[in-house]
Amino acid sequence: MNVLDTLARPVRDLRISVTDRCNFRCSYCMPKSVFGRDYAFLPRAELLTFEEIDRVARAFARAGATKLRLTGGEPLLRRGIEDLVAMLAEIERIDLTLTTNAALLADRAEALKSAGLDRLNVSLDSLNDRTFRSMNDVDFPVDRVLEGIGAATAVGFAPIKINMVVKRGVNDGDVVEMAQRFRGSGHIVRFIEFMDVGTTNGWRLDDVVPAREIVELISAAHPLEPIDPAYRGEVAQRWRYQDGSGEVGVISSVTQPFCGDCTRARVSADGKIFTCLFSATGHDIRSLLREGADDEALDMALTSIWQKRNDQYSELRSAATSSTAKVEMSYIGG
Ligand code: SAM
Ligand code: SF4
Ligand code: SF4
């Protein structure tokens, strides 16, 4: 079944947040000033159970989703995540990915691989230890992330996508070094424009380094040429090194929005469906599950939500950050 929204976009890519907690406090995502000691994270009973996540994922797969990403918060903080991976890996025709800050990856990579995880995305904002420690704001050393990437490579994850959020005046000087470090490794670095998600990260357009500028920076050192997207709705624009030493991606969600092809749905850790990263409210699916809805009722609810979808925030956003209420990234995942 292929469900289409009001702009004829199918649902292809589902991102499920398995926890709203994190062991980092990246300033652009969970600034300490807001996510401090007293911050009220979701109580355990509010989180979808693994069985509930599995039912939601299967319903989305029936509606046409072919990609499933586990995210957060930090997904490796969710106890027993490997068991969830094993359940979801059983869903037919689903490509299963997990996005992590890799702080806990070195010890977990093997278990995730054997549970059936297809792919890994690792977030890494700088190779400069000082910059990295300050960006994660918990003084976490870059070497431990690199160890995690090494362990994941050793158990056969390839290519790993390494995501770097680029912020003007903070880590834009590290772009070329990051490209160079993974050039020829088989892994793919993706440079992400700093986005105005949520309302707590103090976003300003001046902080955004346009994807075009990032490509020019790298290309000046190692010439790049564009390659076609792998599929409709791919978020990253792909570029390959002319000398054949691999590829990089840029995600230009601010300067060149791609809502027209947006096939993504997100589910928060407490079971709300968000049809856009910038939605203010989600659709509660957990109540339905806990009231004993069967698969048919679940499918109907999903279809009705998706068929009403008309989101295109990035194409409509104004130059200044909007003051409207928006959901936080750590709650619904990137
Ligand atoms: N904790 C995991 C991690 O960092 O990989 C998974 C969740 S995190 C919210 C997912 C992705 O969102 C990360 O790659 C992060 O860099 C990105 N992200 C968070 N806030 C962002 C922002 N304001 N603009 C662009 N990307 C952002
Ligand atoms: Fe945590 Fe990921 Fe957000 Fe950083 S980007 S605070 S690692 S959830
Ligand atoms: Fe999709 Fe919303 Fe982002 Fe547009 S702004 S690409 S609709 S998530």
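Counting starts at 1 for both ligands and their atoms, in listed order. These numbers were taken from a predicted model, which means no experiment stands behind them.
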Where ligand 1 meets Asn101 - atom numbers and elements under 4.0 angstrom, heavy-atom basis:
2 (C), 3 (C), 5 (O)
Number the atoms of ligand 3 from 1 as they appear, then name those within less than 4.0 Å of a heavy atom of Phe258, with their elements.
6 (S)
For Phe194, the option from Asp207, Leu205, Asn171, Val166 that meets side chain to side chain contact (heavy atoms under 4.5 Å, CB included)
Asp207
Below a 4.0 angstrom heavy-atom separation, can you tell me which part of Thr100, side chain or backbone, both or neither, approaches ligand 1?
backbone
OH (Tyr39) and CZ (Arg21) are apart, to the nearest 0.5 Å, by 10.5 Å
For Arg264, the atoms of ligand 3 under 4.0 Å from one of its heavy atoms are 1 (Fe), 6 (S)
Distance to 0.1 Å, residue and atom name: give those for the protein heavy atom nearest to atom 8 (S) of ligand 3.
Leu277 N, 3.3 Å
Of all the atoms in Cys262, is at least one N, O or S atom closer to atom 1 (Fe) of ligand 3 than 2.8 Å?
yes
If you count heavy atoms of other groups shown closer than 6.0 angstrom to CZ of Arg290, is the number above 12?
yes
Any idea which atoms of ligand 1 are less than 4.0 Å away from a heavy-atom of Gly73?
1 (N), 2 (C), 6 (C), 7 (C)
Please list, in number order, the atoms of ligand 3 under 4.0 Å from a heavy atom of Phe278.
5 (S)
side-chain hydrogen bond (donor to acceptor under 3.5 Å, both in side chains), that's the test. Do Ser126 and Asp174 meet it? Break it down for me.
CA-CA 6 Å; Ser126 178; Asp174 305 338; 2.6 Å; yes
Can you measure from CG (Leu77) to CG (Asp20) and round to the nearest 0.5 angstrom?
10.5 Å
Would you mind running through ligand 2 and noting each atom that sits below 4.0 Å from a heavy atom of Asn101?
7 (S)
Backbone, side chain, both or neither: what part of Thr71 comes under 4.0 angstrom of ligand 1, heavy atoms only?
side chain
Just jot down the ligand 1 atoms closer than 4.0 angstrom to any heavy atom of Glu193, in number order.
25 (C)
heavy-atom search around atom 7 (S) of ligand 3 in the protein gives Asp311 O, 3.6 Å
Atom 2 (Fe) of ligand 3 - nearest protein heavy atom and its distance:
Cys276 SG, 2.3 Å
Decide, yes or no, whether a salt bridge links Glu82 with Lys113 under the criterion of side-chain N to carboxylate O below 4.0 Å.
no
Gap separating the OG1 atom of Thr97 from the CD1 atom of Ile94, nearest 0.5 angstrom:
10.0 Å
Any N/O of Asp125 closer than 3.5 Å to an N/O of ligand 1?
no
Under the criterion side-chain hydrogen bond (donor to acceptor under 3.5 Å, both in side chains), I'd like the reasoning laid out for Ser123 against Asn101: C-alpha separation, chi angles, the key distance, then a yes or no.
CA-CA 5 Å; Ser123 305; Asn101 60 26; over 6 Å; no
Got a sec: does the CD of Glu296 have more than 12 other heavy atoms crowding it under 6.0 Å?
no
Give the atom numbers and elements of ligand 1 that come within less than 4.0 Å of a heavy atom of Glu74.
1 (N), 2 (C)
Taking the cut-offs as 6.0 angstrom to the six-membered ring centre and 45 degrees off its axis, would you call Arg25 and Phe35 a cation-pi pair?
no
At less than 4.0 angstrom from any non-hydrogen atom of Tyr313, what atoms of ligand 3 do you find?
5 (S)
Give the C-alpha distance, both sets of side-chain angles, the deciding distance and a yes or no for salt bridge (Lys or Arg N to Asp or Glu O under 4.0 Å) between Arg55 and Asp295.
CA-CA 8 Å; Arg55 285 200 63 204; Asp295 284 351; 2.9 Å; yes
Provide the number and element of each atom of ligand 1 under 4.0 Å from a heavy atom of Gly72.
7 (C), 9 (C)
Contact between ligand 2 and Gly72 is defined here as a heavy atom of the residue under 4.0 Å from a ligand atom; is it met?
no
To which of Cys29, Cys26, Cys22 does the heavy atom nearest atom 3 (Fe) of ligand 2 belong?
Cys29
Go through the steps for Asp13 and Lys67 under the test salt bridge (Lys or Arg N to Asp or Glu O under 4.0 Å), then give the verdict.
CA-CA 5 Å; Asp13 176 344; Lys67 293 167 135 278; 5.7 Å; no
For ligand 1, which atoms sit closer than 4.0 Å to a heavy atom of Thr99?
2 (C), 5 (O), 6 (C)
